[in-house]
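Single-structure report; data block below.
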Amino acid sequence: QRGLERQPRFWEQVEMRFKDLMTRTEVPADNAVGEPDCIRFAHHTWPCSQHSTTVRVPVVRTGAGRGRVVVQAVVESCGYGEGKAGDDFEVGDRQVVLAEGKEVALLEVPLSGGSKEWRNNFYFQVRLTAVSEGTAVLSTPSTTLLVVLTEDRYPAKLGLERRGGHGITLMRHYLWESYLRRGRNFIRTFFAMLYK
């Protein structure tokens, strides 16, 4: 219950941070990178909802130059605590363009919509790989973790209106969740345990 109360405040803070990045005209001195024309992600991690279809990740330019810059990026698994490539997110190369006079651009990363069964929070990474056009260099952070936060409840993605049952009424949702995860193997195992 306490987590549900904190959730709206969390997303309000994310929205405020996003608006701040989009309206910022210069990077604060404590975050400034010494080299001119450095390209980096705005933060090491970036949260989004599991129901999002696209994640927009801010890419920031710092330095004196203001020419057009094209940056290449790759979306990939990070090897731990990850979502399933293809099922949860679309792997592959991406491109972001910082137009002349712009210090922030959005790198759009499509999500695949997720699986039918309940999933815990998962994450994957986006990595800046090269500057293909313009005068700039990559800086840190050049890799960001995209954290996809689940809003559904276990089991079987139950909404609040369906969570008041007891006994077998609630048990059927656990059975359905197990079937979604294991398919026919769950049914075979279930009946084998009942009639052994």
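Put simply, OG on Ser139 and CZ on Arg61 are 14.0 Å apart, with the number rounded to the nearest 0.5 Å. Between the OH atom in Tyr123 and the CG atom in Leu146 there is a gap of 12.5 Å [rounded to 0.5 Å]. To the nearest 0.5 Å, atoms OG1 (Thr144) and CZ (Arg40) are separated by 11.5 Å. Here Leu145 contributes atom CG and His44 contributes atom NE2; the two are 10.0 Å apart, rounded to the nearest 0.5 Å. Remark: Glu76 CD to Gln125 CD distance equals 4.5 Å, nearest 0.5 Å.
Using modelled atom types and a 3.5 Å distance limit, the side chains of Ser132 and Gln72 yield a donor-acceptor pair.
Counting all heavy atoms, side chain and backbone alike, Leu111 lies closest to Glu90 at O-OE2, 4.5 Å. Closest heavy-atom contact between Thr189 and Asn185: OG1-O, 2.8 Å. Across every non-hydrogen atom of Val97 and Ala105, the tightest pair is O-CB, 3.5 Å.
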**Request:** Starting from the C-alpha separation in whole Å, work towards a yes-or-no answer on side-chain contact (heavy atoms from CB on, under 4.5 Å) for Ile39 and Val59.
**Result:** CA-CA 7 Å; Ile39 307 296; Val59 176; 3.6 Å; yes

**Criterion side-chain contact (heavy atoms from CB on, under 4.5 Å) on Arg127 and Thr129, from CA distance to verdict** = CA-CA 6 Å; Arg127 186 166 45 89; Thr129 57; 3.7 Å; yes

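Of the charged side-chain nitrogens involved, at least one lies within less than 4.0 Å of a carboxylate oxygen, so that Glu133 and Arg68 count as a salt-bridged pair.
At a threshold of 4.5 Å between side-chain heavy atoms, the hydrophobic network of Ile, Leu, Val, Met, Phe, Trp and Tyr places Val71 and Val91 in one connected group. Linking Ile, Leu, Val, Met, Phe, Trp and Tyr residues whenever their side-chain heavy atoms come within less than 4.5 Å places Phe122 and Trp46 in a single cluster. Under a hydrophobic clustering in which Ile, Leu, Val, Met, Phe, Trp and Tyr are joined whenever their side-chain heavy atoms come within less than 4.5 Å, directly or via other members, Val126 and Val96 fall into the same cluster. Both Leu106 and Val57 belong to a common hydrophobic cluster when Ile, Leu, Val, Met, Phe, Trp and Tyr are linked at side-chain heavy-atom distances under 4.5 angstrom. When hydrophobic clusters are built by joining Ile, Leu, Val, Met, Phe, Trp and Tyr residues whose side-chain heavy atoms come closer than 4.5 Å, directly or via intermediates, Leu107 is grouped together with Leu138.
In Phe186, the CZ atom is crowded: over 12 heavy atoms of neighbouring residues, nucleotides or ligands sit closer than 6.0 Å.
For the pair Glu108/Thr54, a side-chain contact is recorded, criterion being any heavy-atom separation below 4.5 Å from C-beta on. In this structure the side chain of Phe41 never reaches within 4.5 angstrom of the side chain of Thr143, judged on heavy atoms. Annotation: side chain of Val60 is not in contact with side chain of Glu103 (no heavy-atom distance under 4.5 Å).
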